[in-house]
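One structure is given below, encoded as structure tokens.
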2 protein chains.
Amino acid sequence: MTLEGRKKHILQAIVDDYIETAEPVASKSLLSRHPFNLSSATLRNEMSDLEQLGYLEQPHTSAGRVPSDKGYREYVDSLMRIDQLSDVQADEIRQRISTSFSELTQLLKNASSALSEQTGYVSVALTPRLRSSYLKQLKMMMIEPGKVLVVVVLSAGVVKDKLVRIPDYLTAEQLFEVSTAIEQGLCGLSLEDITLVTITSAVKDTPIPDSILNQVLFEAYTAIKQADHLELYIDGSHRLLSLPEFRDVDRAKNVFDTLSRDGMVAGYLDELSGRNGPDGTYMIRIGQEITLQGLSDCSFVTTTYNVDDKIVGNIGVIGPKRMDYSKVVSQMNFVRVLIDKHLKNDNNRMEDIG
Amino acid sequence: MTLEGRKKHILQAIVDDYIETAEPVASKSLLSRHPFNLSSATLRNEMSDLEQLGYLEQPHTSAGRVPSDKGYREYVDSLMRIDQLSDVQADEIRQRISTSFSELTQLLKNASSALSEQTGYVSVALTPRLRSSYLKQLKMMMIEPGKVLVVVVLSAGVVKDKLVRIPDYLTAEQLFEVSTAIEQGLCGLSLEDITLVTITSAVKDTPIPDSILNQVLFEAYTAIKQADHLELYIDGSHRLLSLPEFRDVDRAKNVFDTLSRDGMVAGYLDELSGRNGPDGTYMIRIGQEITLQGLSDCSFVTTTYNVDDKIVGNIGVIGPKRMDYSKVVSQMNFVRVLIDKHLKNDNNRMEDIG
DNA sequence: CTTAGCACTCGAAGGGCTTGAGTGCTAAGA
DNA sequence: TCTTAGCACTCAAGCCCTTCGAGTGCTAAG
């Protein structure tokens with residue numbers, strides 16, 4: 001059941017206006033801003049129909065109308081047209097992002113910050129899900145007796161490291177022996193397949209006392225497992241307070257409280273991502289569609305970036321339901337493309353990126 | 001000019017009450033909560049005096065009284081008594097922090113998060129100022145052709161690393177040669193003394209073509225310099241919205257906007273720290289005393305933690321002027337002690353920390 | 001110097017009125 | 001059958017007024 005021509009245009013105009021003004025849209029003011037060949041009375045009839053159909057809501061009888069969740073849904077699904085980014089905007093984003101290269105973390109932070117700044121909403125960036133990537137290298141570097149830097153290099157070209165403690169009577173040579181054994185035993189295994197068991201069997205022939213070995217093994221194990229942790233970068237939450245919908249502190253508090261539990265947001269993104277379409281698709285969740293408590297006054301726009309064939313992460317924008325979807329989508333897509341390019345170049349060769 | 005006995009007690013009681021209730025303090029309610037041997041009339045006279053002297057303010061004639069910045073100043077300088085932490089509180093903090101060890105970054109993040117959670121205000125943690133620490137090791141580890149992990153080990157036991165690109169025809173052997181030369185040339189130099197010049201002269205005898213050398217040098221240089229960057233971790237800003245003083249969105253927005261420019265906050269902390277007292281001292285900045293735009297409705301409590309003899313960083317708490325100073329100070333001090341212990345143990349030997 | 005007593009102040013809360021933006025309905029016209 | 005002019009109706013927002021009471025400052029007596 002989709003909308004017939006005129007209603008469609010009217011709904012589109014209403015959502016457009018409301019996104020711009022944040023005021024309930026009245027029949028007359030709609031007429032004054034769009035060249036409909038209609039009287040306000042007809043418009044009112046249509047608007048009344050649209051309300052009946054569930055696309056609009058009325059804050060109270062003598063007010064204009066506001067899109068409902070269903071109205072926004074129709075809008076993003078089939079009414080809005082995605083803006084093309086202006087060269088200026090594109091350049092700004094490009095500049096912000098290209099300062100960082102090679103460090104995934106920094107890349108995501110910059111991307112997130114650029115995205116928030118450009119859209120004026122809150123942005124999020126989730127590190128890639130690495131469980132299915134496999135181990136390419138594992139080096140353990142003695143910093144000083146008892147202190148070791150474990151460097152984990154993954155197939156996706158991602159490098160993670162962790163500083164750990166080991167017994168300080170372990171010599172650099174012994175350490176080298178153990179770490180080489182671990183590396184050889186685990187190389188090519190995906191992160192999800194690496195367990196304390198696999199790691200233990202990898203070093204069974206090493207001529208080092210078990211008591212020492214065990215601690216080193218364990219530290220190597222936690223370092224590897226840590227590489228698999230999802231991290232979430234959130235940027236620009238302060239911008240929410242400039243929006244009229246969050247003049248109400250309690251509404252704002254809801255959102256801030258949720259954002260502060262970044263584990264929950266990360267989990268939600270991760271879960272959502274499973275049900276995602278093909279790469280390059282964006283996904284929009286509106287109001288009640290967000291099954292994350294506290295964000296029911298918001299919309300959440302996400303997309304997926306690629307590190308590798310199977311390895312993906314997410315970026316997204318959180319804003320009011322009355323967000324400028326078309327702007328957000330186009331900017332987010334542009335950022336995604338930039339991330340993809342950066343990561344691709346990173347794994348192969350550096351070139352100018354544009 | 002300091003206060004005489006009775007006035008002192010009255011001011012103290014007023015500030016205490018106001019901190020607890022967030023309501024202007026009236027003569028009668030003050031009497032009901034404190035066993036003064038006085039009538040409300042006398043109390044009123046005294047309160048009127050205290051207002052004259054600038055310690056109190058009246059929102060309007062028929063309201064109670066509220067401490068002025070000067071009143072808070074007197075309170076924190078000579079009236080409040082610092083609580084002892086309860087065992088339960090201490091344990092909670094200890095637990096939160098001791099999960100992380102050895103990684104400075106993680107330690108600070110945990111400390112900051114614990115501090116915010118315990119106080120209910122916003123916490124900040126600034127990484128140490130490392131300019132005067134000197135280079136102990138510099139390793140360059142080839143991840144794959146063209147991609148190198150630069151590991152910088154500093155005297156304070158701090159380890160930083162950075163992933164960089166180099167020309168991909170550089171072999172592991174050449175890289176090793178260069179990095180060893182750099183390390184030998186720069187070892188013992190403090191970060192502030194390391195420049196492109198010193199680093200260049202360190203490798204002048206290396207048998208590698210200058211064109212290649214230069215790029216490697218430059219990357220090593222930026223990696224070293226990056227170790228010197230101050231980073232600020234802010235935690236718990238959402239908690240502000242629960243406080244009655246920030247029911248007003250514009251006030252909250254002021255603070256959030258300032259906090260979002262973490263470079264500014266870091267700079268302020270850094271600058272402030274120079275004028276700091278001996279270690280272990282806390283510093284309190286109240287309202288207008290904070291020369292950082294946007295925080296004039298807040299108080300800022302800071303202290304200094306030690307990494308090494310000369311190397312220090314800061315942690316702090318930002319809250320309303322009506323903050324529970326005594327609780328904040330005791331909790332912040334406890335966190336500082338924990339950080340110090342962790343870092344000391346880190347540089348020497350791990351033991352149980354309590 | 002203290003205190004009981006009292007007049008005074010002023011914000012907060014509530015009621016009632018007005019205003020006007022906006023709707024829904026009706027009946028006539030295309 | 002759809003459109004539209006016209007009109008009655010609704011209801012939040014803004015304003016004024018009143019009431020209420022918490023709290024003060026002052027005065028005069030102890």
Side-chain angles (χ1 to χ4, degrees), chain A residues 3-11 13-18 20-68 71 244-245 247-249 251, chain B residues 3-11 13-18 20-68 71 244-245 247-248:
Chain A
L3 281 176
E4 151 257 348
R6 193 170 69 175
K7 285 203 171 45
K8 217 163 145 172
H9 279 107
I10 293 176
L11 180 58
I14 291 175
V15 179
D16 276 338
D17 276 19
Y18 186 61
E20 200 180 319
T21 65
E23 299 285 330
V25 180
S27 53
K28 268 191 196 158
S29 66
L30 191 65
L31 260 186
S32 74
R33 307 173 107 249
H34 302 264
F36 289 117
N37 263 335
L38 287 175
S39 72
S40 65
T42 314
L43 213 42
R44 276 202 292 283
N45 285 334
E46 292 288 41
M47 287 165 79
S48 171
D49 286 356
L50 283 169
E51 186 179 353
Q52 217 84 62
L53 294 169
Y55 294 104
L56 297 178
E57 281 166 2
Q58 231 176 346
H60 54 267
T61 333
S62 68
R65 277 169 174 107
V66 162
S68 65
E245 22 272 291
R247 300 299 308 174
D248 177 3
V249 181
R251 283 188 163 206
Chain B
L3 282 177
E4 151 258 346
R6 193 170 69 173
K7 285 203 171 43
K8 219 163 141 171
H9 280 106
I10 294 175
L11 180 57
I14 292 174
V15 179
D16 276 338
D17 276 18
Y18 187 62
E20 200 182 317
T21 65
E23 299 285 330
V25 180
S27 53
K28 267 192 197 160
S29 67
L30 190 65
L31 260 186
S32 73
R33 308 172 105 250
H34 301 263
F36 289 116
N37 264 334
L38 287 176
S39 72
S40 65
T42 313
L43 214 42
R44 276 202 293 282
N45 285 333
E46 292 287 40
M47 287 165 79
S48 172
D49 286 357
L50 283 169
E51 186 178 353
Q52 218 85 61
L53 294 169
Y55 294 104
L56 296 178
E57 280 167 2
Q58 232 177 345
H60 54 266
T61 332
S62 67
R65 276 167 174 108
V66 162
S68 66
E245 23 272 290
R247 300 298 310 173
D248 177 3

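Predicted model, so just to flag it, every value in this text is computed and none were measured. Each chain gets a letter, A, B and so on, in the order the sequences are listed, and its residues count up from 1.
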Checklist line | Non-hydrogen atoms of P67(A) and V15(A) that approach each other most closely | finding: CG-CG2, 3.9 Å
Rounded to the nearest angstrom, tell me the gap between atom [atom1] in [X] and atom [atom2] in [N].
X	N	atom1	atom2	value
H60(B)	dG21(D)	NE2	C1'	11 Å
D17(B)	dG23(D)	CG	C1'	15 Å
L38(B)	dA4(C)	CG	P	11 Å
K7(A)	dT3(D)	NZ	C1'	13 Å
F36(B)	dC1(C)	CZ	P	19 Å

Margin query: Can you build the contact string for nucleotides 15-30 of chain C? Use B for base contact, S for sugar-phosphate-only contact, and - for no protein heavy atom under 4.0 Å.
Written below: ------BSBB------
Checklist line | For DNA chain D, stems built from three or more consecutive Watson-Crick or G-U wobble pairs below 3.5 Å | finding: C:1-30 with D:1-30
Next item on the list: Just jot down the side-chain hydrogen bond (donor to acceptor under 3.5 Å, both in side chains) partners of E20(B), sequence neighbours excluded, or say none.
Entry: R33(B)
Item checked: Sequence-distant partners of E57(B), side-chain hydrogen bond (donor to acceptor under 3.5 Å, both in side chains), two or more places apart -> none
Could you tell me which residues satisfy side-chain contact (heavy atoms from CB on, under 4.5 Å) with [X], sequence neighbours excluded, listed by chain and number?
X	answer
H34(B)	A13(B), D17(B), L30(B), F36(B)
S39(B)	A41(B), T42(B)
D248(A)	D250(A), R251(A)
S40(A)	S27(A), K28(A), L31(A), R44(A)

Next item on the list: For E46(A), check salt bridge (charged side-chain N to carboxylate O under 4.0 Å, His left out) against everything at least two apart and list the hits.
Entry: R6(A), K7(A)
Checklist line | S39(A) side chain near dT3(D) phosphate (N/O to OP1/OP2, under 4.0 Å) | finding: no
